[in-house]
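What follows is one structure encoded as structure tokens, with my remarks underneath.
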Amino acid sequence: MAVSMAFIVVYDLREPMKPTVYSIAPFVIIALFLGACAPSGTVPNTVPNITMPKSETIAPTVKSEKHMIAAANPLAANAGLEMLRAGGSAVDAAIAAQMVLGLVEPQSSGIGGGGFMLSFNSANGEIAAWDGRETAPDGATPDMFLNLDGKPKPFSHARLGGLSVGVPGLLAMLEEVHAEQGKLPWAKLFQPAIGLAENGFMVSPRLAKMIAGTSDLNTFTPTKNYFFNEDGTPLKAGQNLTNKKLAATYKTIAEQGAKAFYLGSIGYDIGQTVREASVNPGTITSTDMVAYRANKRDPVCGPYRTMLVCGMGPPSSGGIATLQILGMVQKFDLQNTKPGNLQAAHLISEASKLAFADRAAYIGDPRFVPWPEGLIAPDYLKSRAGQINPAAASGKAAPGMPGMTGHNKLGISDESHGVSTTHLSVIDSDGNAVAMTSSIESAFGSRMMVRGFLLNNQLTDFSFRAEIDGAPVANQVGPRRRPRSSMAPTLVFDADGNTVAAIGSPGGSSIIGYVAQAIVALFDWGLSPGEALSMGHFLNRGGAIELEIDSNAEILKKPLEDMGHEVKLKKTTSGLHFVGMKDGGLVGAADPRREGVVLGD
Ligand code: GLU
């Protein structure tokens, strides 16, 4: 079981002596966080604070009464809304929106990739974590991303072609969730995407920019033919684009289900394309496709102030790291700091540094590398928070679980910094909620296309080195292993059991910081969703503090340096999407850095 009863207890008021976890709706949560709110260090509430950006750059906060979806593209959000209006569940809306995203935002996600979903089922109060992560084929080896001299291949080379492609998991996961929580027929969910693929849609400015900016996108002929005009120029924003091949693929899957993908000729074509790639051929076979299974897992949950926060456990590091950061900073009095206050940025950054040290050491595929559940235990987080000096930066953080052996021993992991991926959030009129992050890893994945969709390069999320300084790395490559992710689809519940946040973001390992900062901004600083998603980012992924360049966060550079931090200015293209219950209705926001919208009734 992924959640320890010791730190979050949910009392059923009808049976007060019988605590339960994961069941929210009819219950009142009493979060017992021993000493959690007691500040263990105080620093003057120093200026400066991040002032909010100019009002024209703050995303609107959208309100609705019945249902709401936030997604990275208006056509996708609209497909989701159409399902909600037709009486569909949050899961139905998420699937319809995802199919459109695979068409109109193909650089980010699709059925050639994977994803994770957190779902809240209002009928039985269950919170579930769905794992549709790509899986390494049987032919994968620990040294597959090393050159003959034993050094890691350059990332840009390793991701290109068949070697980096994991067996896609998105479709298997969606079909399983639909079987449990869908209300509309599976085939109906594909209709908006099929219509758009056949009749065409307008290439968005972001898609056009990414096509033009991806130098190796013309490596493989099917991909080149799709994203470039006949004269070799990249597609421009506003051009009408059809995808007849994807329409045909979606029709087959709509009629026959995911088995047409895993057991049929689509799966065969994926294997053949991967194995016969002209660059970096891989090993996926039909056997690998047939063997794929999505997993329904326990969420990882923990208290934040008076709320319950639930996220995705391993193979994603997203949920654990987010909970660790929140668990550490709740020992401090952030509620009384101003948004983006220097002290807050320092504390969140130090907590994040500690969380990333644990992430590197302990998180891999849980089937092969059991993760220490103590990582999110209150006592552990209390002691980790005690390592934070409230007034000055510490040096490099070390992982904190004593006595870990074997696979979980030290050993840092290589990092990739994806800029694609997508997140959508939905709440329906019955109170069902979905937070789903899906991905093909890098923008345009492996650059290879099969039947109208791109294949992922998710296997480059593994550590390229299986061993460092003689110690095995938790996130090493191997047959049927799932690469460690940072995706952090998250659901937050208040003490009355309301889903006050369904949230997540793309952004590689920066996702963890984006989500943690947004939760603090929403619930400690009381910012509106639009403000919370628009404020400048401050991140720490284990080294320097990264402040969002050209944002209001830049103001913190000098004062953080004065506290001893190394500070870098960085472009941080988050894509946070948020929907939450508030005052009997719903509120939502979409990150102004991408093309998302919020729609509802
Ligand atoms: N592959 C990354 C992960 O699973 C996501 C990449 C991105 O967000 O751009 O964590």
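Atoms within a ligand are numbered from 1 in the order they appear, just like the ligands themselves.
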Could you tell me whether the side chain of Asn73 and the main chain of Leu75 form a donor-acceptor pair under 3.5 Å?
yes
For the 3.5 Å polar cut-off, considering only N or O atoms, please tell me whether Ser420 and ligand 1 meet it.
yes
Shortest heavy-atom approach to atom 2 (C) of ligand 1 - which of Thr437, Asn457, Ile511, Asp461
Asp461
Ignoring angles and geometry beyond distance, decide whether Pro506 reaches within less than 3.5 Å of ligand 1 through its nitrogen or oxygen atoms.
no
Students often mix this up, so state it plainly: with edges at 30° and 60°, are the rings of Phe444 and Phe227 parallel, tilted or perpendicular?
perpendicular
Should the proximity of Arg133 to ligand 1, defined as any heavy atom under 4.0 Å, be assigned to the side chain, the backbone, both, or neither?
side chain
Would you mind running through ligand 1 and noting each atom that sits below 4.0 Å from a heavy atom of Gln458?
1 (N), 2 (C), 4 (O)
Does Lys236 have more than 12 heavy atoms from other residues, nucleotides or ligands lying within 6.0 Å of its NZ?
yes
Please check if any side-chain donor atom of Arg447 sits under 3.5 Å from a side-chain acceptor atom of Thr219, or the reverse.
no
Distance under 4.0 Å to a non-hydrogen atom of Thr421: what atoms of ligand 1 satisfy this?
5 (C), 6 (C), 7 (C), 8 (O), 9 (O)
Kindly say whether Leu533 contributes a backbone atom to a donor-acceptor pair with the side chain of Arg593 at under 3.5 angstrom?
yes
